[in-house]
Amino acid sequence: MAENCDSSADAREQAVAIRRMRARRSRTMALGLIVGVVWMGLWLDPLARPLLVCVLLAVGSSLAILLAAMALGGLGLLGLKAFDLTIARVRRAGRWPEK
């Protein structure tokens with residue numbers, strides 16, 4: 001008898017979760033539609049298009065600079081690791097065996 005109550009409570013929780021998920025999906029789709037309409041309106045407006053292009057170029061160049069800095073940092077890290085391994089091998093090879 002108690003198992004039946006637990007399963008019905010689980011079914012109710014699942015139904016509530018499904019309703020919440022559907023509501024969240026519909027709100028997200030509505031927000032995406034509104035953002036898309038506003039974005040297309042800005043692209044089609046001849047006065048706002050140059051400003052929008054400048055903003056996108058600024059954001060894109062900032063991201064490119066960030067990516068280049070991350071790549072240089074990664075190369076530096078790899079170089080330091082290779083140097084460390086080389087020094088460790090030289091030190092290991094230079095030891096005389098104990099008598």
Side-chain angles (χ1 to χ4, degrees):
M1 199 57 123
E3 293 175 9
N4 192 13
C5 290
D6 289 340
S7 64
S8 64
D10 289 340
R12 277 192 297 257
E13 288 176 11
Q14 286 178 352
V16 168
I18 289 172
R19 262 189 265 127
R20 286 182 184 163
M21 186 174 59
R22 286 181 183 160
R24 187 179 310 131
R25 186 182 307 149
S26 65
R27 284 192 304 257
T28 304
M29 288 180 66
L31 182 63
L33 182 66
I34 291 169
V35 168
V37 167
V38 169
W39 187 253
M40 288 305 297
L42 285 174
W43 271 113
L44 294 175
D45 185 12
L47 295 176
R49 187 180 306 153
L51 179 65
L52 193 61
V53 168
C54 287
V55 168
L56 288 177
L57 284 175
V59 169
S61 61
S62 299
L63 289 176
I65 290 170
L66 252 152
L67 184 64
M70 288 174 57
L72 284 175
L75 285 174
L77 187 64
L78 288 175
L80 287 174
K81 183 64 176 176
F83 179 73
D84 186 39
L85 288 175
T86 304
I87 294 297
R89 285 184 185 164
V90 167
R91 285 184 180 171
R92 203 174 317 127
R95 289 189 191 147
W96 290 94
E98 300 272 340
K99 290 184 180 181

**Report entry** Non-hydrogen side-chain atoms of Thr86 and Arg89 separated by less than 4.5 Å
**Finding:** no
Could you pull out all donor-acceptor pairs under 3.5 Å where a side-chain atom in residues 23-33 meets a protein atom, sequence neighbours excluded?
| residue | atom | partner | partner atom | Å |
| --- | --- | --- | --- | --- |
| Ser26 | OG | Arg22 | O | 3.4 |
| Ser26 | OG | Ala23 | O | 2.9 |
| Thr28 | OG1 | Arg24 | O | 2.8 |

Distance-only check: which donor-acceptor pairs under 3.5 Å involve side-chain atoms of residues 43-55, not counting sequence neighbours?
| residue | atom | partner | partner atom | Å |
| --- | --- | --- | --- | --- |
| Asp45 | OD1 | Leu47 | N | 3.4 |
| Arg49 | NE | Trp43 | O | 2.8 |
| Arg49 | NH2 | Trp43 | O | 2.9 |

Requested in this report: Using side-chain contact (heavy atoms from CB on, under 4.5 Å) as the criterion, list what pairs up with Val37, not counting sequence neighbours.
Outcome: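 With sequence neighbours excluded, Val37 shows a side-chain contact (heavy atoms from CB on, under 4.5 Å) to no residue whatsoever.
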Report task. List, by chain and then residue number, the residues other than Ile87 in its hydrophobic cluster (Ile/Leu/Val/Met/Phe/Trp/Tyr, side-chain heavy atoms under 4.5 Å); write none if there are no others. Result ->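 Phe83, listed by chain and number.
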Requested in this report: Please write out which residues are connected to Met21 in a hydrophobic cluster, directly or through intermediates, given that two of Ile, Leu, Val, Met, Phe, Trp, Tyr count as joined at side-chain heavy-atom separations below 4.5 angstrom.
Outcome: none
Query - Single-linkage hydrophobic cluster Leu57~Leu42, side-chain heavy atoms < 4.5 angstrom - result: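 Yes; Leu42 is reachable from Leu57 via cluster members.
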Taking only distance into account, with no hydrogens and no angle test, what donor-acceptor pairs under 3.5 Å do side-chain atoms of residues 69-81 form with protein atoms, sequence neighbours excluded?
none

